[in-house]
Enquirer: 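Structure below; questions to follow.
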Amino acid sequence: MNKMLKDTLILFAITLIAGLGLGFVYEVTKEPRKMQEEKIQMDAYQAVMPQMDGYQKVDHLNYEKLNQKIAEQIKKNESENQISVMNSYKGEINEVVSATDKNGDEIGIIVTVTDYEAYDGSLQMTVGILKDKTVKGISFLSLSETPGLGMKADEESFRNQFQDKKADYFVYTKNGAAAENEIDAISSATITTNAVTHGVNAALLCADYCQGGDLNE
């Protein structure tokens with residue numbers, strides 16, 4: 001009985017010391033980890049908004065209403081303009097931040113959007129949009145499409161089709177982009193192209209509402 005009690009106390013002591021040790025390590029590394037996460041986030045934002053010097057999270061948005069309104073507007077745009085798409089829009093805005101210059105003045109917004117139409121299920125990306133609705137760039141946070149096909153979405157030759165372009169919405173084509181709002185679809189990866197295009201269009205609509213659009217209209 002005494003041996004059992006002794007073993008129990010020893011095990012308890014080991015567990016307690018290990019727990020305290022892990023807690024100490026967590027506290028010691030918490031600030032460096034936070035700084036590293038902020039650096040990664042800043043790098044991701046600067047990839048789509050190179051001239052930014054800082055950012056602030058836009059926390060006054062009603063994301064439920066925002067996503068509902070965006071889905072309705074994308075469907076309306078495609079119907080009214082007879083835009084043929086591979087799949088209907090199925091995505092959501094996850095986060096919006098205001099990008100500022102070195103003087104603290106807002107230069108645009110950066111939208112994080114997840115689209116669930118991708119060939120592998122979903123993709124997530126950030127889209128940088130200036131105040132005049134010019135797209136400064138897109139960058140993927142997660143992309144797991146077919147190598148050699150859908151993964152070409154992360155190549156500069158595809159991503160740069162959106163860069164420095166001003167449009168109400170983008171469309172993709174297999175016949176060679178001719179208009180400012182047209183992009184060339186990735187060969188044999190129309191589903192991925194469709195998902196990325198919808199994601200950018202969702203971000204553009206989000207920019208509209210951030211600049212004063214009424215979600216209750």
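One is the number of the first residue; the rest follow in order along the sequence.
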Enquirer: Say you draw a straight line from NE2 of H198 to OG1 of T193; how long is it, rounded to the nearest 0.5 Å?
Expert: 12.0 Å
Enquirer: With the 4.5 Å side-chain cut-off for hydrophobic clustering, are V196 and Y116 part of the same group?
Expert: no
Enquirer: Working to the nearest 0.5 angstrom, can you tell me the gap between S139 OG and D154 CG?
Expert: 7.0 Å
Enquirer: Using 0.5 Å steps for rounding, measure from the OH atom of Y63 to the CD atom of E92.
Expert: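 Result: 11.0 Å between the selected atoms.
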Enquirer: Can you tell me how far CG of N77 sits from CD1 of I83, rounded to the nearest 0.5 angstrom?
Expert: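 It is 6.5 Å, given to the nearest 0.5 Å.
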Enquirer: Any chance you could measure I110, atom CD1, to C206, atom SG, to the nearest 0.5 Å?
Expert: 12.0 Å
Enquirer: Provide the closest heavy-atom pair for Q163 versus N160 in the form atom of the first, atom of the second, distance.
Expert: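 Shortest heavy-atom contact: OE1-OD1, 2.9 Å.
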Enquirer: Is there a donor-acceptor contact under 3.5 Å linking the side chains of E106 and T100?
Expert: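 Short answer, no.
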Enquirer: Between T114 and Q124, does any side-chain donor sit less than 3.5 Å from a side-chain acceptor?
Expert: yes
Enquirer: Could you check if a side-chain atom of F170 sits within less than 4.5 angstrom of a side-chain atom of Q161, using non-hydrogen atoms only?
Expert: no
Enquirer: In plain terms, say whether D115 and K90 are close enough for a salt bridge, that is, a side-chain N and a carboxylate O under 4.0 Å apart.
Expert: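 Looking at D115 and K90, the cut-off is not met.
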Enquirer: How about E180: does its CD atom have over 12 heavy atoms from other parts shown lying under 6.0 Å from it?
Expert: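 Yes, enclosed.
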Enquirer: List the steps, then state whether side chain to side chain contact (heavy atoms under 4.5 Å, CB included) holds for I191 with M86.
Expert: CA-CA 6 Å; I191 292 177; M86 177 65 70; 3.7 Å; yes
Enquirer: Taking the side chain as C-beta and beyond, is there a heavy-atom pair between L149 and I186 under 4.5 Å?
Expert: no
Enquirer: Taking C-beta and beyond as the side chain, do K69 and L66 meet within less than 4.5 Å on heavy atoms?
Expert: no
Enquirer: I'd like to know if the side chain of E78 pairs up with that of Y89 as donor and acceptor (distance under 3.5 Å, no hydrogens or angles considered).
Expert: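 No pair is found: no donor N or O on one side chain lies under 3.5 Å from an acceptor on the other.
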Enquirer: Indicate yes or no: does D184 engage K174 in a salt bridge with an N to O separation below 4.0 Å.
Expert: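 No, D184 and K174 are not salt-bridged.
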Enquirer: Are any of the side-chain heavy atoms of Q51 and L130 separated by less than 4.5 Å?
Expert: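 A side-chain contact under 4.5 Å exists here.
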Enquirer: Could you check whether any side-chain heavy atom of M52 comes within less than 4.5 Å of a side-chain heavy atom of D101, counting everything from C-beta outward?
Expert: no
Enquirer: Which heavy-atom pair separates A153 from F158 by the least distance, and what is that distance?
Expert: O-CD2, 3.3 Å
Enquirer: In the structure I gave you, are the side-chain heavy atoms of M125 and V200 within less than 4.5 Å of one another anywhere?
Expert: yes
Enquirer: Within the 4.5 Å heavy-atom criterion, are T112 and L141 side-chain neighbours or not?
Expert: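 Yes, close enough: below the 4.5 Å cut-off.
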Enquirer: What distance separates L204 CG from I74 CD1, expressed to the nearest 0.5 Å?
Expert: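 L204 atom CG to I74 atom CD1 measures 9.5 Å (nearest 0.5 Å).
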Enquirer: So, the side chain of E145 versus the backbone of D120: is there a donor-acceptor pair under 3.5 Å, distance only?
Expert: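 Pair found, side chain donor or acceptor close to backbone of D120.
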Enquirer: Do I109 and V97 pass the side chain to side chain contact (heavy atoms under 4.5 Å, CB included) test, and can you show the C-alpha distance, the side-chain angles, and the key distance before you say yes or no?
Expert: CA-CA 6 Å; I109 65 169; V97 300; over 6 Å; no
Enquirer: Counting only heavy atoms not in E95 (residues, nucleotides, ligands), do more than 12 fall under 6.0 Å from its CD?
Expert: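 More than 12 heavy atoms, drawn from other residues, nucleotides or ligands, come within 6.0 Å of this atom.
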Enquirer: Which residue is it: N87, N194, T192? I am looking for the one with a side chain to side chain donor-acceptor pair (under 3.5 Å) to E117.
Expert: N194
Enquirer: Can you check whether I183 reaches T197 side chain to side chain, under 4.5 Å on heavy atoms?
Expert: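 In short, these two side chains touch, coming nearer than 4.5 Å.
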Enquirer: Report the C-alpha separation of Y169 and N181 in whole Å, then their side-chain angles, then the decisive distance to 0.1 Å, and conclude whether the side-chain hydrogen bond (donor to acceptor under 3.5 Å, both in side chains) test is met.
Expert: CA-CA 7 Å; Y169 58 85; N181 70 330; 4.7 Å; no
